[in-house]
Amino acid sequence: MSWEIGIKGNFPINKAVVEVMPSGTRIVSAESSGVSTWTKIARVSVILPDGSPKKYFLKCATGQSARAMVEGEFHSASTINEALSGFVPKPFGWGRYHNDGSLVYFFLGDFHDMDLSIAPDPENFMSKIAKLHQSTSANGMFGFHVPTVCGKMERTVTWEESWAKSFTHQLKDVIRYDNETNGPWPEYDAACKQLINVVIPRLLGALQSEGRKVTPSLIHGDLWENNVGSHKETREAVLFDPGCTYAHNEMEFGTWRCTWASYFNTPIYMQMYQGLIKPSEPVEEWDDRNRLYSIHPYLNDSAGHPGSASRKIAYNDMLYLCEKYGPLDSLERYDPGQDVSVTGARIPFVIKQLE
């Protein structure tokens, strides 16, 4: 049989999961725990071989990018723990269910009982983010050693010396996913082409021209309020769901510009961070780079939620950047009334459990 028997709870456990636990571990119970749009998650209570109790966090994924999701999270969490121990729950393993025709992949890590309603202390939290970003790639290049995901969308993280090229790979990914979900839109496609061919080489190329350098920094890759919790015992901030890459550190904060940002969009967080790590040169283009980086999570969201407002918001941001860095008469005009950085519009992000 491929399944553990005689355990309590509502979450069946495949024997492949037990195989990544210490030999001799006995599972007591497994219960569904938390809410996740793209996966099924559980709290697994066990007795370790030495007789001590322990709780594991189990995440199970199927379908598009399932392997990259769990393998990428394992390597991402391992890399973050090497840079800043305890900032993410310790990972224990990943794998694929035995004899399961649906190809279920799983990730196993430490279970942390967390409060997701508390905003982390800005000074303490941003000092940890700055320390994380000071961890650099061993080869001095942008990318990551295994594919990772943002949400459920796999990102291309092949090694590149050019940050503009590395970011272009990731942006092309989400443009493709978005088009697969929402269909063609000629005006949007034209703006995407101009953004990739003209705007990115200019705006991000400036970071590595005229003697300027950008160090590839380890970023969480999907840092927003629903991926940050407060440990109920220690009250320390804990990150989860990492999809790392070595990138321009400022890419980390693109999501904080999005309509679903709640507390990370308050100035104090960025003020604390920039007191430790200054904006890259040209400093005066920081906000434009932030706008560009926000297009990635917007399109990622659009690809995962058909018909959401995110596609139109991203398109309007593309038009803004094209008008400033790559004017083209055939493109539509940027509309300030649709710019959330002007209007202050906020759209709460609703997470629905995967059935």
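Starting from 1, each residue takes its place in the sequence as its number. Scope of the values below: all heavy atoms of this structure, side chains included, with no hydrogens, waters or symmetry mates.
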Engineer: Quick check on the hydrophobic clustering: are I200 and L321 connected, directly or via other members, by side-chain heavy-atom contacts under 4.5 Å?
Structural biologist: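 Hydrophobic grouping puts I200 with L321.
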
Engineer: So do F11 and L58 actually touch side chain to side chain, heavy atoms under 4.5 Å?
Structural biologist: yes

Engineer: Looking only at side-chain N and O atoms, does D115 offer a donor or acceptor that is under 3.5 Å from a partner on S230?
Structural biologist: no

Engineer: Counting the benzene-type ring for Trp, do F253 and W286 have ring centres under 6.0 Å apart?
Structural biologist: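 No, the ring of F253 stays outside the 6.0 Å limit from the ring of W286, centre to centre.
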
Engineer: Can you tell me if D222 and N227 form a side-chain donor-acceptor pair at under 3.5 Å?
Structural biologist: yes

Engineer: For the backbone of S2 and the side chain of N99, can you confirm whether one donor and one acceptor N or O come within less than 3.5 Å of each other?
Structural biologist: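 Side chain of N99 to backbone of S2, a donor-acceptor pair under 3.5 Å: no, none is there.
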
Engineer: Parallel, tilted or perpendicular for W185 and Y188, by the 30°/60° rule?
Structural biologist: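 Plane angle under 30°, so parallel.
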
Engineer: Do M69 and M153 belong to the same hydrophobic cluster, where Ile, Leu, Val, Met, Phe, Trp and Tyr are linked whenever their side-chain heavy atoms lie under 4.5 Å apart, directly or via other members?
Structural biologist: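 Different hydrophobic clusters.
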
Engineer: Could you tell me whether R311 and D301 make a salt bridge, using a distance below 4.0 angstrom between a side-chain N and a carboxylate O?
Structural biologist: no

Engineer: Using a 3.5 Å distance criterion without hydrogens, assess whether the side chain of T148 forms a donor-acceptor pair with backbone atoms of C244.
Structural biologist: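 A pair under 3.5 Å: yes.
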
Engineer: Are W256 and I277 grouped together when hydrophobic residues (ILVMFWY) are joined by side-chain heavy atoms under 4.5 angstrom apart?
Structural biologist: yes

Engineer: Should V238 and L223 be regarded as members of a common hydrophobic cluster, given that ILVMFWY residues are connected when their side-chain heavy atoms come within less than 4.5 Å of each other, either directly or indirectly?
Structural biologist: no

Engineer: I need the minimum non-hydrogen distance between I219 and A247, along with the two atoms involved.
Structural biologist: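 Heavy atoms only, the tightest pair is CD1-CB, 3.8 Å.
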
Engineer: Do Q271 and M126 have side chains that approach each other closer than 4.5 Å (heavy atoms only, starting at C-beta)?
Structural biologist: no

Engineer: If you count every heavy atom of other residues, nucleotides or ligands that lies below 6.0 Å from K128 atom NZ, does the total exceed 12?
Structural biologist: yes

Engineer: With side chain to side chain contact (heavy atoms under 4.5 Å, CB included) as the criterion, how do V146 and V157 come out once you've worked through the C-alpha distance, each side chain's angles and the decisive distance to 0.1 Å?
Structural biologist: CA-CA 7 Å; V146 296; V157 288; over 6 Å; no

Engineer: Do the ring centers of F74 and F92 come within less than 6.0 Å of each other?
Structural biologist: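 No, ring centres 6.0 Å or more apart.
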
Engineer: Hey, would you say the Y273 and H133 ring centroids sit under 6.0 Å apart?
Structural biologist: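 Yes, the ring of Y273 comes within the 6.0 Å limit of the ring of H133, centre to centre.
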
Engineer: Is a side-chain donor or acceptor of T79 paired with a backbone partner of H75 at a separation under 3.5 angstrom?
Structural biologist: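 A pair under 3.5 Å: yes.
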
Engineer: Should E31 and K8 count as an ion pair when the cut-off is N to O under 4.0 Å?
Structural biologist: no

Engineer: Salt-bridged, R257 to D287, with N to O below 4.0 Å?
Structural biologist: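 A salt bridge is present here (some side-chain N lies under 4.0 Å from a carboxylate O).
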
Engineer: Please walk me through it: do E252 and H220 pass side chain to side chain donor-acceptor pair (under 3.5 Å)?
Structural biologist: CA-CA 7 Å; E252 189 85 276; H220 174 280; 4.7 Å; no

Engineer: Looking at CG of N249 and CD1 of I129, how far apart are the two atoms once the value is rounded to the nearest 0.5 Å?
Structural biologist: 11.0 Å

Engineer: For G140 and P216, work out which heavy atoms get closest and say how close.
Structural biologist: O-CG, 3.5 Å

Engineer: Which of parallel (below 30°), tilted (30 to 60°) and perpendicular (above 60°) describes Y246 and F144?
Structural biologist: tilted

Engineer: How about Y177 and E154: does a side-chain donor come under 3.5 Å of a side-chain acceptor?
Structural biologist: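 Y177 vs E154: no donor-acceptor pair found between side chains.
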
Engineer: Under a 3.5 Å threshold, yes or no: a donor from one side chain and an acceptor from the other, between S302 and D178?
Structural biologist: yes

Engineer: Using the side chain to side chain contact (heavy atoms under 4.5 Å, CB included) rule, take H169 and E160 through it: C-alpha gap first, then chi angles, then the decisive distance, then the call.
Structural biologist: CA-CA 10 Å; H169 290 321; E160 294 284 359; 2.8 Å; yes

Engineer: Run I118 and R235 through side chain to side chain contact (heavy atoms under 4.5 Å, CB included) and show every step you take.
Structural biologist: CA-CA 9 Å; I118 300 175; R235 313 313 297 174; 2.8 Å; yes

Engineer: On the six-membered ring of Y56, is K54 placed so that its NZ or CZ lies under 6.0 angstrom from the centre and within 45° of the ring axis?
Structural biologist: yes

Engineer: Compare all side-chain heavy atoms of N81 with those of K90 and state whether any distance is below 4.5 angstrom.
Structural biologist: yes

Engineer: Is the closest side-chain heavy-atom distance between L108 and P91 below 4.5 Å?
Structural biologist: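 With C-beta onward as the side chain, the pair stays apart.
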
Engineer: With rounding to the nearest 0.5 Å, note down the distance linking CZ in R96 to CZ in R67.
Structural biologist: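 R96 CZ to R67 CZ: 9.0 Å, rounded to 0.5 Å.
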
Engineer: Taking the ring of W224 and the ring of Y263, is the distance between their centroids below 6.0 Å?
Structural biologist: no

Engineer: Has R202 got its NZ or CZ under 6.0 Å from the middle of the six-membered ring of Y325, at an angle within 45 degrees of the ring axis?
Structural biologist: no

Engineer: Search all heavy atoms of V104 against all heavy atoms of C60 and return the closest pair with its distance.
Structural biologist: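 Nearest heavy atoms, V104 then C60: CG1-CB, 4.0 Å.
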
Engineer: Compare every heavy atom of P49 with every heavy atom of G24, then report the nearest pair and how far apart it is.
Structural biologist: C-CG, 3.9 Å

Engineer: Please check if V174 and Y298 belong to a single hydrophobic cluster, counting links between Ile, Leu, Val, Met, Phe, Trp and Tyr side chain heavy atoms closer than 4.5 Å.
Structural biologist: no

Engineer: Would you give the length of the straight line joining atom CD1 of I268 to atom CZ of F125, rounded to the nearest 0.5 angstrom?
Structural biologist: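 So the CD1 of I268 and the CZ of F125 are separated by 14.0 Å.
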
Engineer: Strictly under 6.0 Å, is that where the ring centroids of F264 and Y269 end up?
Structural biologist: yes

Engineer: Under a 3.5 Å threshold, yes or no: a donor from one side chain and an acceptor from the other, between H305 and S310?
Structural biologist: no

Engineer: Please check if the distance between the ring centroids of W94 and F107 is under 6.0 Å.
Structural biologist: no

Engineer: Salt bridge check, D173 against R155: does any charged N sit closer than 4.0 Å to a carboxylate O?
Structural biologist: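 Between D173 and R155 there is no salt bridge, as every charged N stays at least 4.0 Å from the carboxylate O atoms.
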
Engineer: So that I can tick it off, tell me whether D113 and K55 are bridged by a salt bridge, with the cut-off set at under 4.0 angstrom between side-chain N and carboxylate O.
Structural biologist: no

Engineer: From S209 OG over to E281 CD, what is the distance, rounded to the nearest 0.5 angstrom?
Structural biologist: 11.5 Å

Engineer: Start with the C-alpha distance between S262 and E225, add both sets of side-chain angles, then the distance that settles side chain to side chain contact (heavy atoms under 4.5 Å, CB included), and finish with yes or no.
Structural biologist: CA-CA 7 Å; S262 56; E225 290 85 346; 3.2 Å; yes

Engineer: Would E233 and H112 count as having a side-chain donor-acceptor pair, cut-off 3.5 Å?
Structural biologist: no

Engineer: What's the shortest heavy-atom distance between A345 and T259, and which atoms?
Structural biologist: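 So the two residues come closest at O-CG2, 4.0 Å.
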
Engineer: Taking everything shown except E323 itself, do over 12 heavy atoms lie less than 6.0 Å from its CD?
Structural biologist: yes

Engineer: Can you tell me how far apart CZ (R212) and OG (S280) are? Round to the nearest 0.5 Å.
Structural biologist: 10.5 Å

Engineer: Taking side chain as C-beta onward, heavy atoms only, is W163 less than 4.5 Å from L207?
Structural biologist: yes

Engineer: For residues L203 and E285, determine if any side-chain heavy atom of one lies less than 4.5 Å from a side-chain heavy atom of the other.
Structural biologist: yes

Engineer: Under 4.5 Å between any side-chain heavy atoms of N14 and E4, yes or no?
Structural biologist: no

Engineer: Locate the shortest heavy-atom distance separating A61 from T39; write the atom from each residue and the value.
Structural biologist: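 Closest approach of A61 to T39, heavy atoms only: CB-CG2, 3.9 Å.
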
Engineer: Can you tell if the side chain of I47 reaches within under 4.5 Å of the side chain of S52, non-hydrogen atoms only?
Structural biologist: no

Engineer: Quick one: do D339 and Y334 satisfy side chain to side chain donor-acceptor pair (under 3.5 Å)? Show the steps, please.
Structural biologist: CA-CA 9 Å; D339 187 339; Y334 156 74; 2.7 Å; yes

Engineer: Rounded at 0.5 Å granularity, tell me how far CD1 in I27 sits from CD1 in I5.
Structural biologist: 12.0 Å

Engineer: With a sphere of 6.0 Å drawn around CD of E161, does it hold more than 12 non-hydrogen atoms of other residues, nucleotides or ligands?
Structural biologist: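 Check fails, neighbour count at 12 or below.
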
